[in-house]
Peer 1: 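One structure, pasted below without further comment.
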Amino acid sequence: MKSSQLLWRRFGWLPAVMLLLVLAVASCAPNPNALIISPQLGEQMVARAAGNQVVRAEATPAPKLSELSFEQITAGLPPELVTAISNADPAAGEQLALQNGCVGCHALDPNATMTGPTWYNIGNTAVSRIPGESPALYLDHSITNPGQYVVPSYPDNIMPKTYTSLGTDDLGTLIAYLLSQTQE
């Protein structure tokens with residue numbers, strides 16, 4: 001028997017096994033039309049059972065702060081805080097942030113990693129941080145009730161809960177300052 005025939009006999013099974021492996025891996029590829037576990041799964045299953053086609057909606061980009069009206073920015077806040085924000089000088093908020101030690105944990109530099117989340121572009125970030133909550137309301141809660149929402153990858157119970165003692169005017173000034181931090 002020739003050596004090539006001997007090799008084929010000995011290793012002829014190898015191409016067959018490789019072909020089976022390729023087929024097995026290919027069958028594991030995800031189906032882009034398959035339903036996935038999500039909050040909308042129930043609705044999607046009902047729609048499919050009724051004969052309707054389930055189509056994934058494209059994510060719409062969050063609006064920028066500049067696209068919102070003052071009423072949309074301050075929705076949900078008490079009227080006295082809305083007034084304080086509208087009368088505030090955002091530049092004075094920088095001094096308040098220094099006086100209250102905020103800059104020890106928050107930075108305006110997007111590349112700086114600190115104990116607290118960055119304030120870089122926080123005005124625009126606050127627009128969509130918590131769906132259904134106005135940017136100013138989100139910032140108010142972040143200052144006066146910091147455990148209500150904790151930014152992912154940041155520890156809870158780091159932000160002092162003492163800022164509830166800020167007066168309405170100071171709180172409004174600080175929120176106005178944070179809302180002015182928008183990098184387009």
Peer 1: Shortest non-hydrogen contact from Gly123 to Thr182?
Peer 2: CA-CG2, 3.8 Å
Peer 1: Report whether Leu139 and Val103 are members of the same hydrophobic cluster (ILVMFWY, side-chain heavy atoms less than 4.5 Å apart, transitive linking).
Peer 2: no
Peer 1: What's the spacing between Ile175 CD1 and Ser180 OG if we round to 0.5 Å?
Peer 2: 12.0 Å
Peer 1: Does the side chain of Leu96 reach to within under 4.5 Å of the side chain of Gln99, using non-hydrogen atoms?
Peer 2: yes
Peer 1: If you define the side chain from C-beta out and look only at heavy atoms, does anything of Leu166 sit under 4.5 Å from Asn100?
Peer 2: yes
Peer 1: Nearest 0.5 Å please: distance from the OG atom of Ser134 over to the CZ atom of Arg129.
Peer 2: 14.5 Å
Peer 1: Mind running side-chain contact (heavy atoms from CB on, under 4.5 Å) on Tyr149 and His141 for me, showing each step along the way?
Peer 2: CA-CA 8 Å; Tyr149 174 82; His141 289 164; over 6 Å; no
Peer 1: Between Asp156 (side chain) and Gly147 (backbone), is there a donor-acceptor pair under 3.5 Å?
Peer 2: no
Peer 1: In terms of hydrophobic clusters joined by side-chain contacts under 4.5 Å, are Leu179 and Tyr163 together?
Peer 2: yes
Peer 1: Rounded to the nearest 0.5 Å, what separates atom NZ in Lys161 from atom CG in Asn145?
Peer 2: 8.0 Å
Peer 1: Identify the heavy atoms of Gly172 and Ala88 that sit nearest to each other, and give their distance.
Peer 2: O-CB, 3.9 Å
Peer 1: Measuring from Glu71:CD to Leu77:CG, what's the distance to the nearest 0.5 Å?
Peer 2: 12.0 Å
Peer 1: For a quick test of reading the model, state the closest non-hydrogen atom pair linking Ile122 to Thr118 and the distance between them.
Peer 2: CD1-O, 4.3 Å
Peer 1: What's the shortest heavy-atom distance between Leu174 and Gly93, and which atoms?
Peer 2: CD1-O, 3.8 Å
Peer 1: Shared ILVMFWY cluster between Val151 and Leu65, side chains joined below 4.5 angstrom?
Peer 2: yes
Peer 1: Ring-plane angle category for Trp119 and His106, please: parallel below 30°, perpendicular beyond 60°, tilted otherwise.
Peer 2: parallel
Peer 1: Below 4.5 Å, heavy atoms only, C-beta onward: do Asn121 and Pro110 meet side chain to side chain?
Peer 2: no
Peer 1: Should Phe70 and Val127 be regarded as members of a common hydrophobic cluster, given that ILVMFWY residues are connected when their side-chain heavy atoms come within less than 4.5 Å of each other, either directly or indirectly?
Peer 2: yes
Peer 1: Using side-chain contact (heavy atoms from CB on, under 4.5 Å), reason through Ile85 and Ile73 one step at a time and then give a plain yes or no.
Peer 2: CA-CA 10 Å; Ile85 293 170; Ile73 293 170; over 6 Å; no
Peer 1: Would you kindly confirm whether Met159 and Tyr120 end up in one hydrophobic cluster when ILVMFWY residues are joined by side chain heavy atoms under 4.5 Å apart?
Peer 2: no
Peer 1: How close do Thr115 and Tyr154 get, heavy atom to heavy atom, and via which atoms?
Peer 2: O-CD2, 3.1 Å
Peer 1: Which atom pair, heavy atoms only, marks the closest approach of Gln72 to Glu67?
Peer 2: OE1-O, 4.3 Å
Peer 1: So how far is it from Asp140 CG to Thr74 OG1, rounded to the nearest 0.5 Å?
Peer 2: 11.5 Å
